[in-house]
Amino acid sequence: MQSIWNGAISFGLVSIPVKLANATVSHAVSFRQIHTEDGGRIRYRKVCELEEKEVPSSEIGKGFEDADGSIIPITEEDLASLPLPTTRTIDIVAFVESERIDPLQMGNAYYLMVNGAPAAKPYALLREALRRSERVAIAKFALRGRERLGMLRVVDEVIAMHTLHWPDEIRSPEEAAPETDVTVRDAELDLADALMDTLGDVDLDSLHDDYREAVEEMVTAKVEGREPAPEKEPAQGEGTVIDLMSALESSVREAKRSRGEGEGEDAGEKGGESGEKGKDAEVTSLSSRRRTGTRAKSSTGSGSGAKKKSAPARKKAAGGSGSGKSAASSSRGKSGSGRSSTAKKTASSGSGTKKTASSPTTKKKTASARKRSA
């Protein structure tokens, strides 16, 4: 790992020789500026204004521009002779809890490596002290022409250092706050909590740069002379007015679906819907049968009326040649239950070969006449 700075950590009276190396590396795809008409490279050349000629990097130094526009040369020797202990030293000034460090202050990350075998023992001492105390070290150091603030912490078996912005370099967040007053309802907060719980935790090692992969795929496709993969649908544009509650509910459902959750609930809901539909169909069928039965009864009633109207015709026919059964059947069709006196009269006027049916009154008169004759 290539070092970018050599110095020492000052831990009280203990000095730990270290080298500074970048802890991060950028994998972003870099582009070159070209002339769009012919594809020629566009280059920046460092030209001296006095001589109007290009100057190599070895002849380029630093200078401070005064208020009147004049340039005051500043050499590396001038910077090295500054009366600052942090010129080649990472000077630890305090140990604090990591919660006290605002993430807004954190900048670049570096690894501190031992510079020589004698530095291994004090390096390990500082590392284990930081680990056991569960605190971080705040230090001051000079890098690239300016004094900086840093935070030292333990990462596995290495001491890492993060540059920190000075407190007066952090802008006030009030400038970025919404200008209008917004009221958030409890129901919206509940849905937001549900969405947070559904999304849950994530393995940071599984995250990757989709944009870089898309750019690399597009460049590869151009080199191979083929069409790049079709682009995905764009995300919802800025300024689009949305229904917050509906968006939260949809987000919760989508998050559950992506994690394979809620399928049973969806099936239950579908089953419930099917059950409700079955019940509705059953009720509809029952209602249909009832309506059909009502129509059948109505048609039956009208048939009875027709029979009642045709009863006198049957009586006339029975008086001529009808049988007793026919008369009785007609009588039952007319009254619906039992025999009436009319039916008996009709039966007595039937065939002459059968005995005439007598009514109870006739029988009484016949019995009295027999007594008198006796």
Side-chain angles (χ1 to χ4, degrees), residues 23-24 26-28 94-109 130-131 133-136 138 149-151 153-156 160 162-215 231-280:
T24 61
S26 175
H27 293 293
F95 293 89
V96 300
E97 291 76 12
S98 59
E99 291 79 8
R100 290 182 55 185
I101 305 301
D102 191 336
L104 287 173
Q105 288 186 258
M106 299 180 67
N108 297 329
L130 288 172
R131 194 197 306 273
S133 67
E134 298 182 350
R135 289 184 289 178
V136 297
I138 303 300
L149 197 61
M151 179 189 74
R153 68 185 184 95
V154 178
V155 178
D156 293 336
H162 299 266
T163 58
L164 299 178
H165 294 285
W166 297 97
D168 59 356
E169 293 179 333
I170 305 298
R171 292 180 175 178
S172 172
E174 296 178 357
E175 300 176 6
E179 296 180 357
T180 57
D181 293 334
V182 179
T183 301
V184 179
R185 296 179 296 169
D186 291 339
E188 295 168 339
L189 283 175
D190 292 340
L191 279 174
D193 291 340
L195 178 58
M196 293 168 63
D197 293 338
T198 304
L199 292 176
D201 201 354
V202 66
D203 181 9
L204 295 179
D205 293 335
S206 66
L207 302 179
H208 58 278
D209 189 348
D210 293 327
Y211 180 81
R212 174 172 61 87
E213 292 182 358
V215 172
E231 61 183 34
K232 298 179 180 180
E233 295 183 1
Q236 197 169 21
E238 296 181 0
T240 304
V241 179
I242 62 173
D243 183 349
L244 185 57
M245 291 291 289
S246 177
L248 286 171
E249 291 172 352
S250 300
S251 300
V252 171
R253 288 194 299 269
E254 183 63 28
K256 288 183 177 180
R257 190 177 297 109
S258 64
R259 289 177 174 269
E261 300 175 4
E263 296 180 356
E265 296 177 4
D266 294 341
E269 291 177 1
K270 291 179 180 179
E273 292 176 359
S274 301
E276 292 297 329
K277 290 180 179 179
K279 291 180 180 179
D280 293 342

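Because the structure is a prediction, the values reported are computed rather than measured. Numbers here are sequence positions counted from 1.
Put simply, CG on Leu104 and NE2 on His165 are 8.5 Å apart, with the number rounded to the nearest 0.5 Å. Rounded to the nearest 0.5 angstrom, Ser246 OG and Glu249 CD are separated by 6.0 Å. With rounding to the nearest 0.5 angstrom, the NE2 atom of His208 is 4.0 Å from the CG atom of Asp210. Put simply, CZ on Arg253 and OG1 on Thr198 are 11.5 Å apart, with the number rounded to the nearest 0.5 Å. Here CD of Gln105 is found 13.0 Å from NE2 of His162. Values are rounded to the nearest 0.5 Å. Glu97 contributes atom CD, which lies 9.0 Å from atom OG of Ser133 (distance to the nearest 0.5 angstrom).
Put simply, the side chain of Asp102 does not reach to within 4.5 Å of the side chain of Ile170, judged on heavy atoms. Taking 4.5 Å as the limit, every side-chain heavy atom of Arg135 sits out of range of all side-chain heavy atoms of Val96.
Put simply, the side chain of Thr163 gets close to the backbone of Asn108: a donor and an acceptor are under 3.5 Å apart. Formation of a donor-acceptor pair under 3.5 Å by the Glu175 side chain with backbone atoms of Ser172 is not found in this model.
Surrounding CG of Asp181 are at most 12 heavy atoms belonging to other residues, nucleotides or ligands under 6.0 Å away.
The two atoms that bring His27 and Arg212 nearest to each other are O-CD, 2.5 Å, heavy atoms only. Of all heavy-atom pairs spanning Val136 and Ser98, the tightest one is CG1-CB, 4.0 Å. Here the closest non-hydrogen pair linking Asp156 and Val154 is O-CG1, 3.4 Å.
Residue pairs satisfying the salt bridge (charged side-chain N to carboxylate O under 4.0 Å, His left out) criterion with at least one member in residues 184-198, sequence neighbours excluded, are listed as follows: Arg185-Glu188.
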